[in-house]
Amino acid sequence: MSTQSKSEPVFQMKDVIKIFPGVRALDGACLNIYPGRVMALLGENGAGKSTLMKVMTGIHRCDEGQLKYHGDDVVFRSSRDSRERGVSIIHQELNLIPELSIAENIFLSREPMGRFGRIDWKTMREEAQKLLDLLDVPFDPSTPVGKLSIGVQQMVEIAKALSFSSQVIVMDEPTDALTDKETESLFKVIRQLRSEGKGIVYISHRLQEIFQICDDATVMRDGRFIAETPVYQLTEDDIIEQMVGRSLEEQYPRIEVETGALALEVKNLSAPGVKGISFQLKEGEILGISGLMGAGRTELMKALYGANAAQSGEIRVAGEAKQIKTPAEALQSGIVYISEDRKGDGLVLELSVSENMSLCSLKRFQSAIGKINRSREMDSVQHFIKAFNIKTPSAKQLIKNLSGGNQQKVAIAKGLMINPRVLILDEPTRGVDVGAKKEIYQLINEFKNKGMSILLVSSDMPEVLGMSDRVLVMHEGKITGEFDRQEATQEKLMRCAVGKAA
Amino acid sequence: MTEKTLRSGALSPGLTGSPEHVKSSVSKFRINKDFLFEYKSVIALLIFMVAVSMISDSFFSTNNMLNILRQTSINAIIAVGMTFVILTSGIDLAVGSILALSGALAATLIGMDFNIMLVVTLTLAAGAAMGAMSGLIIAKGRVQAFIATLATMTLLRGATMVFTDGRPISASSGAASDAFSFIGSGYLFAIPFPIYLMAFTFLAAWFVLNHTRLGRYVYALGGNEAATRLSGINVDRIKLAVYSISGGLSALAGLIVTSRLASAQPTAGNSYELDAIAAVVLGGTSLTGGKGRITGTLVGVLIIGILNNALNLLNVSSYYQLIAKALVILLAVLVDTRSSRQS
């Protein structure tokens, strides 16, 4: 595909190890970026792609490993440092200020100066115009960025990268928010950059794009380097196989439970981010929800929970049609949702363990005059602390002082306190260390044993396969696959998750 | 005298009403850095009282103490409502205007020979309704509290001017005027009646914040609105409640002011919101919400009250008093931001 044959890498990362508290985020990652070629960087959610890019651009410092730029060892002090030395990254969320013009954004913090510290607007506009011409962007440099479409904003980011005379440009999921037409013009620009000898890293979940635009593909899994292969030697199946690996260790303590009556039935549900969803869930059943980031899984769960307003469709709990427009109504119907984002909307960090745990069910502990019966509340909290083996010096400890795993257990206990019929767990083991993970799996099994119905949303495919009785796969807000436990494989799930029919 | 002060200080309400998370450090009762930080405002208050008593002999007289408490009661009652609001990470600038308008309403009703209980009930209800208006704009209109209450502040001040025609309304005639004057000027067991009102307000607020669902939800909402919403709690209703409480308490303060002066002034309560906010912040409540205690607010209002009193006793001119007050507030907040950055 490329006009240029493989030469020495312009940027090389070798055996990079990065350890976060409790996690080996990178465990021997490698990446070569060649001038005049586009390198795809592939892997599941959490495989370490973003961490690797952050190590590369100086946002994180690696614990071990070698970084070579133009053949010399290099460590960037900050993302600003890396950018000034010609390594730019264009993040998924664009870093532009909507109120400022294109030119102002491109030259932010290094505006060309005239005498007396005044900004030399003329030079700035001319330079910006040159960059825009190069990229074929038909907008005046004085246009406010907020008035541009996402696709054009992306071009502005690229123009900004070029203004640093970048040799290496990383694009993290650049087409996620683009229309087909915008994607096409982005590809045109990438091809042009390639012909100018730039080294490009292209991160995307859309496998078709890899074949359209990339020359080589590096696959990562669990923070490790798996393979670097020229794209023309690959098929989609090869890539999927490399991404998911083949070993599925028996680390999931599955149990078999006789399923009971229908607990939840969803018919043709549409809500922000999800379209036409139908499925059923029985008592004592774990239904895994798989898919890539942004597939609409959390949106679906929030719609079921009444946190996002459903636009159409029907939700039946235990055979009864329910109007669920607020979380309070969901709780009343026996549906509880444990958020994926503990710090964002799961827990109140400034409150204690007990105050967090009882937040949904305070009504139960209230006396006739409206006083909370603290000792009854405490009894209930202590019961869960014991049952869930939550490690905290006391129930009065502020929740922010607990480890991720113990915070998660408190969050689950909070949901359990209302005695739910349907328990929705959104990424219950994210940011949780291995030991606590296993404990959480055992808890989930206990609930299942008691006849609770569980929706398990997870980006961790082995987890979904290991725990679920059935698996639904989502892609772009729709269900693209449904599998029984016996027939589900990582390859099949991945295929549906990237929107390729099973 | 110094020793006596310290002992009585240790029994001050600032220590008795501590919430559960800090009790563990108190039970050990080790005076370490954490302890000093936790009680820095109480400590500041004590040091301050000792210092003033050394300069002025009349400071520690019973008369002066009661005087301070009576003068403080108005700001204290408003600051209690402000504490609720600020704990939800809001702000209520309209308290002074609510005070004025409800005061004018009370004086008018007294002049119309209304029964005293009816006057009090109607006035408090009117104040709560005015607060609810702010709450409604904030919760349903999704307007920032600062802007929403800036608007209601201006609106209600204007309404007061229209209602009073810019002139004071006398509350000294009418069937219930004697009973009315008791609210602000009466004594019960040799203690001014407003002090009872203040004490009752603090006790009620302490109960609500520490022992009821509403109190728990106020902290939760200020700590993390999204998580509170997702816990099935009607966040809008909490917001409506705190602004109504703030409005009702402003009306109570309005009753005291109007009763004491035996007339309602159209400009009454001007800039009272600033003293109330200052007291809440001095008491260690975080403006970002979710963190703080009603006992802290008590300490905060006492600091401001004693500061005012001391500067008067020391014959400092009122111009310099403003500067001194500003410096104390600034100092307290600077210490606070530094400590929260450290943790």
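Each chain gets a letter, A, B and so on, in the order the sequences are listed, and its residues count up from 1.
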Tabulate, in ascending numerical order, the residues of residues 221-246 of chain B having at least one heavy atom closer than 4.5 Å to a heavy atom of chain A, or enter 'none'. Gly223(B), Asn224(B), Ala226(B), Ala227(B), Thr228(B), Arg229(B), Leu230(B), Ser231(B), Gly232(B), Ile233(B)
Taking only residues two or more places apart in sequence, or in another chain, which ones meet Leu203(B) in a side-chain contact (heavy atoms from CB on, under 4.5 Å)? none
Can you list the residues of residues 317-326 of chain A that sit under 4.5 Å from chain B, counting heavy atoms only? none
Counting only non-hydrogen atoms closer than 4.5 Å, does Lys343(A) touch chain B with its backbone (N, CA, C, O), its side chain (CB onward), both, or neither? backbone
Heavy-atom contacts under 4.5 Å, residues 411-424 of chain A to chain B: Lys414(A)
In the structure I gave you, are the side-chain heavy atoms of Asn210(B) and Arg374(A) within less than 4.5 Å of one another anywhere? yes
Spacing of Leu359(A) atom CG and Arg213(B) atom CZ [to the nearest 0.5 Å]: 11.0 Å
What part of Ser358(A) gets closer than 4.5 Å to chain B, counting heavy atoms only: side chain, backbone, both or neither? side chain
Could you check Leu362(A) against Arg216(B) for side chain to side chain contact (heavy atoms under 4.5 Å, CB included), going step by step and ending with a plain yes or no? CA-CA 9 Å; Leu362(A) 270 185; Arg216(B) 199 67 73 76; 3.5 Å; yes
If you count heavy atoms of other groups shown closer than 6.0 angstrom to NZ of Lys391(A), is the number above 12? yes
Give, for atom CD of Glu355(A) and atom OH of Tyr219(B), the distance between the pair rounded to the nearest 0.5 Å. 9.0 Å
Given a strict heavy-atom distance threshold of 4.5 Å, which part of Leu349(A) is in contact with chain B: side chain, backbone, both, or neither? neither
Does the side chain of His211(B) come within less than 4.5 Å of Gln366(A)'s, by heavy atoms? no
Counting heavy-atom pairs under 4.5 angstrom with chain B, the leader among Leu331(A), Asp341(A), Ile372(A), Val336(A) is Ile372(A)
Using a 6.0 Å cut-off, check whether atom CD of Gln144(B) has over 12 heavy atoms from anything other than its own residue. no
Residue Phe365(A) versus chain B: region with a heavy atom under 4.5 Å: neither
Flag if over 12 foreign heavy atoms under 6.0 Å of CZ, Phe200(B): no
